[in-house]
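For reference, the structure discussed in these notes is given below.
Because the structure is a prediction, the values reported are computed rather than measured.
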Amino acid sequence: MTDLRLELSARIGIHGQFYDQLGVLRETSVETAVALMHALGFEAETEEAARAHLEAGWDAGLPWDVVCEAGTAPWVDIGDSAWVLTYEDGQTCEGRGGDSLPKLPMGIHHLAAGPIRITLLAAPATIPLPERCWGLIAPLYGLSERGIGTYEGLSALVRGLGPHGAAFLGINPVHAGFPTVPNMFSPYSPSHRRRLNVLHLATKTGVAGALIDYHTDTPARMAALRQAFEAHSTSPEFLAYLAQEGASLETFALHQALSVIHGPFWCDWPEELQCPNSVSAQAARRDLRDEILFHAWLQWRADTDLSGAQAQAKAAGMAHGLYLDLAVGTHPHGAETWEDRDSFAYGASLGAPPDAFSAEGQNWGLAPFNPLNLRKNAYAALRDTFARQLRFAGAIRIDHILGFERTFWVPENAPGAYVQMPRDAMLAVARMEAARAGGLIIGEDLGLIPDGLHDALAASGVLGCRVMMFERDNWHDPEFKPAERYDEAAIASFSTHDLPTWQGWRQGADVTARQKAGGLDAAQTTHELDHRAREVAAMDRLLPDAGSDAGQDALHAFLARTPSRLVAVQAEIMLDMVDQQNLPGTTTEYPNWRIRLPETSDTLTMNSDIVRVAEIMRAHDR
C-alpha cells in the first residue's frame, strides 16, 4: 500500500521518480517527500497528517489557472453560475455561465464565480521570431582597464558594435548582489533579481591587472559612491524615481542599510528584524532614513546608466541592444526573499540530479519559487521579474528554463527530487511581458529535457540555445551536426559562460581543471582526454580549417551558416583567451578575468578580430 505521504506529495507536484542523466531510475523517498512538502508549506510528518490534508483538499483556496489567447473569449467550466470578472486594470464586469465571458485584452485577470476563483492569463499566442542577426557576448565585470566593469563601459561598446552590424550585446546577470561581501561576486547567486548591481556604477577607483581584485575594488567603489552621494543635491529626477518605485524600493534599500549593520544574510539578523513589516523594521525605516536614501540613490543611478546604455545601443543601430541574463534563482537569505517571503520555498535549494560531472548531484544554494504560492498570487513575482529585465533590454536569456517544467529541489538532509512547475502559466507570463516590451525571450534549454518542453517553448516563440560542442548525434562516438540541421528558433554559439572556450575545449583545459579540483582521478582524466581527442577529430572533419590559424574564422562562418535566427560570438573565443575559462568542477565558480577592448574618447576602436567576424556575418546575410 502506498504511504499516504507519498500520495499527498504526488498530488502537490513532487515527482515520485525520475531518470537522472546517467539513465538511473531514482525513487523519491518518504524522507525527501516530507522535506519538500515542508518547503512548500505542508506539514505532513505522519500519514495521519497527510490524510488530513487529502481529506480537506490540499489545494482548497487556490485559484484555477486558465490560459487563453489575448483578444479571445475563454471558456471556463463553471456551469450556469454568476460571475464577476476583474480586469488587470481594476475594472469589472458581470455575467452568468462559463461560455459568456467577454474577449480579454492581454493581461492577468481574475474571475470569481461563487466560491470558485480563477486566474485568467490572456497572452499572445507566440513571440514573433526575430530576423537573422548576430551579436557579441561579453562579461560586463571584465570590460574595464581597471576595477570592475561599468554600465558606462557598455555605452562605449555598443557605440562601436552597432555600425559593424551587431544586433545585440549579451552580458552576465546584473542583479543586485552583496556589496558588503567582496568574495560574493557571482552574478548567478544574486541578492535580488528585481534590483540592479551597483558595483557596475563608474568611479575613478580600481586596481589594474589581468584579474579583478574584488577584495580591493568592491569597498573602494562603494566608498567612492558614498562620497558622490553625499556631494549630490537631490534632483527632481531622483525624486520622481522614488515616487515611481514606491514602497518596494524603500524595502530593498532598508535591507541594504540593515546589511551594513547586521551582515548580508537576514537569517543572521536579530529575530525582530527578520521580517520587513515588523515593528522593529518599521522603526529602522525612520532611524536609517539617510542610509536608505543612499541605497535608493544607487538604484536610481544604476537604472539611469543601464537605460542609457540600451538607448545608445538602439541609436547605434542595434536591433535588440542589450541582451540580459536572468539567473535561475536567488540567494535564500538575500534582499529578494526578505522582501517577498511568500514567493519562495524554504528548506530546499535548487540543484541538479546526478550526472557524469557530479555523481552526487548538485546543490546550487538558491531559493526556488514556490509554485503553489506563485499560483495563489497570480504570478505577480514572476511577472515583475520579467518586466524589470525587459525595461533595459531587447532580449533576455532565462537561465535553466527547464525549471519552467520542473525544478530539482535538494532538501537539507535528504536526496533531491523534482517538483512540478506551472509551465503553461509561466510561459504565458513570459509572452505577455515580451509583448509589452517588444522583446525576445531566450531559454537555456540544455541538460535533461523533459518530454514536451521543447515543443511548448517553440510554440511560445521562446528561442532555444544550440551550443555547437553539444550538437551531435552520438555522444560516445562523436559526429557533430552540420550547420543546416540547427534549429531555426534558437541562438547558436560554440560555448556558454560556464563552458570552455574554443581553444580551451580543443586542448582539454576543462578536463585538466576538473582533475586539479579533485573531480577526476588519473584514469578518469586519461579517459576524458582520449574522448576529447575524438571530439576534436570529429570537429576537424566538420571544419577542415579548425586546427589552423583560420580556425576561428571557420567556426564563426559555420555558425553564420546555420538557420538559427541569432548567432552569439563570444568575446573570450574571439580574442583567443585560452586560459579564460569558467570550467565545471573548478573551485572558482565564475571567472574574474578582465577583457580589454580598446576605445577612443568617443567610440570603440574595434579590434581587428571583431571587424573580421562582422565581415563573416555579412557574407552570410546576417
Is the shortest heavy-atom distance from the side chain of [X] to the side chain of [Y] under 4.5 Å?
| X | Y | answer |
| --- | --- | --- |
| Phe408 | Leu350 | no |
| Pro450 | Leu453 | yes |
| Ile137 | Ser493 | no |
| Val30 | Leu6 | yes |
| Asp213 | His215 | yes |
| Leu499 | Val467 | yes |

Heavy-atom count check: over 12 atoms from other residues, nucleotides or ligands less than 6.0 Å from [X] [atom1]?
| X | atom1 | answer |
| --- | --- | --- |
| Glu479 | CD | yes |
| Asn183 | CG | yes |
| Asp521 | CG | yes |

Nearest heavy-atom neighbours spanning [X] and [Y]:
| X | Y | value |
| --- | --- | --- |
| Pro478 | Ala538 | O-CB, 3.4 Å |
| Asn197 | Leu199 | OD1-N, 2.9 Å |
| Asp20 | Pro353 | CB-CB, 4.2 Å |
| Gly177 | Gln256 | O-NE2, 4.4 Å |
| Arg388 | Arg195 | NH1-NH1, 3.3 Å |
| Thr28 | Ala417 | OG1-CB, 3.6 Å |

Review point. Val207 and Ile212: side-chain contact (heavy atoms from CB on, under 4.5 Å), yes or no, with the steps?
Key: CA-CA 7 Å; Val207 178; Ile212 302 166; over 6 Å; no
**Study point:** Between Gln515 and Glu528, a side-chain donor and acceptor under 3.5 Å
**Key:** no
Practice item. Verify the distance criterion only: is there a donor paired with an acceptor across the side chains of Trp505 and Gln507 at less than 3.5 Å? Key: no
Please check if the side chain of [X] supplies one atom and the backbone of [Y] the other of a donor-acceptor pair under 3.5 Å.
| X | Y | answer |
| --- | --- | --- |
| Thr512 | Ala509 | yes |
| His556 | Gln552 | yes |
| Arg221 | Gly206 | no |
| Arg622 | Arg565 | yes |
| Glu336 | Arg193 | yes |
| Gln362 | Pro354 | no |
| Asn474 | Asp477 | yes |
| Glu444 | His400 | yes |
| Ser191 | Ala335 | yes |

Taking only residues two or more places apart in sequence or in another chain, which ones pass side-chain hydrogen bond (donor to acceptor under 3.5 Å, both in side chains) with [X]?
| X | answer |
| --- | --- |
| His320 | none |
| Arg132 | none |
| Trp266 | Thr337 |
| Asp445 | His454, Arg466 |

To the closest 0.5 Å, what do you measure between [atom1] ([X]) and [atom2] ([Y])?
| X | Y | atom1 | atom2 | result |
| --- | --- | --- | --- | --- |
| His497 | Glu572 | NE2 | CD | 10.5 Å |
| Met468 | Leu559 | CE | CG | 6.0 Å |
| Asp325 | Leu140 | CG | CG | 12.0 Å |
| Glu471 | Ser564 | CD | OG | 8.0 Å |
| Leu196 | Gln389 | CG | CD | 8.0 Å |
| Leu322 | Ile396 | CG | CD1 | 12.5 Å |

**Study point:** Trace of the side-chain contact (heavy atoms from CB on, under 4.5 Å) decision for Tyr323 with Ile491
**Key:** CA-CA 12 Å; Tyr323 163 21; Ile491 181 169; 3.7 Å; yes
Are the aromatic ring centres of [X] and [Y] under 6.0 angstrom apart?
| X | Y | value |
| --- | --- | --- |
| Trp269 | His333 | no |
| Phe185 | Tyr141 | no |
| Phe558 | Tyr486 | yes |
| His331 | Phe178 | yes |

Check your understanding: How would you list, by chain and number, every residue that makes a side-chain contact (heavy atoms from CB on, under 4.5 Å) with Ser349, sequence neighbours excluded?
Key -> Asn363
Practice item. Please assess Asp399 against Arg397 for the test salt bridge (charged side-chain N to carboxylate O under 4.0 Å, His left out), listing each intermediate value before the final yes or no. Key: CA-CA 6 Å; Asp399 192 29; Arg397 170 189 175 274; 3.3 Å; yes
**Study point:** Residue of the set Phe480, Phe470, Trp502 for which ring pair (Phe, Tyr, Trp, His ring centres under 6.0 Å) holds with Phe494
**Key:** Trp502
Any Lys/Arg nitrogen of [X] or [Y] sitting under 4.0 Å from an Asp/Glu carboxylate oxygen of the other?
| X | Y | value |
| --- | --- | --- |
| Arg612 | Asp553 | yes |
| Glu484 | Arg561 | no |
| Arg485 | Asp473 | yes |

Exercise for review: Start with the C-alpha distance between Ile14 and Trp409, add both sets of side-chain angles, then the distance that settles side-chain contact (heavy atoms from CB on, under 4.5 Å), and finish with yes or no.
Suggested key: CA-CA 10 Å; Ile14 298 168; Trp409 292 16; over 6 Å; no
Review point. Salt bridge (charged side-chain N to carboxylate O under 4.0 Å, His left out) between Asp217 and Arg146: does it pass, once the steps are laid out?
Key: CA-CA 9 Å; Asp217 290 353; Arg146 41 187 309 121; over 6 Å; no
Practice item. Establish, for the pair Arg406 and Tyr418, whether the NZ or CZ atom is under 6.0 angstrom from the six-membered ring centre and no further than 45 degrees off its axis. Key: yes
Point to revise | Of all pairs that satisfy side-chain hydrogen bond (donor to acceptor under 3.5 Å, both in side chains), the ones with a partner from residues 29-38, not counting sequence neighbours | key: Ser29-Thr32, His38-Glu43
Check your understanding: Hey, mind stepping through Thr501 and Gln570 against side-chain contact (heavy atoms from CB on, under 4.5 Å) and telling me if it holds?
Key -> CA-CA 9 Å; Thr501 63; Gln570 294 161 274; over 6 Å; no
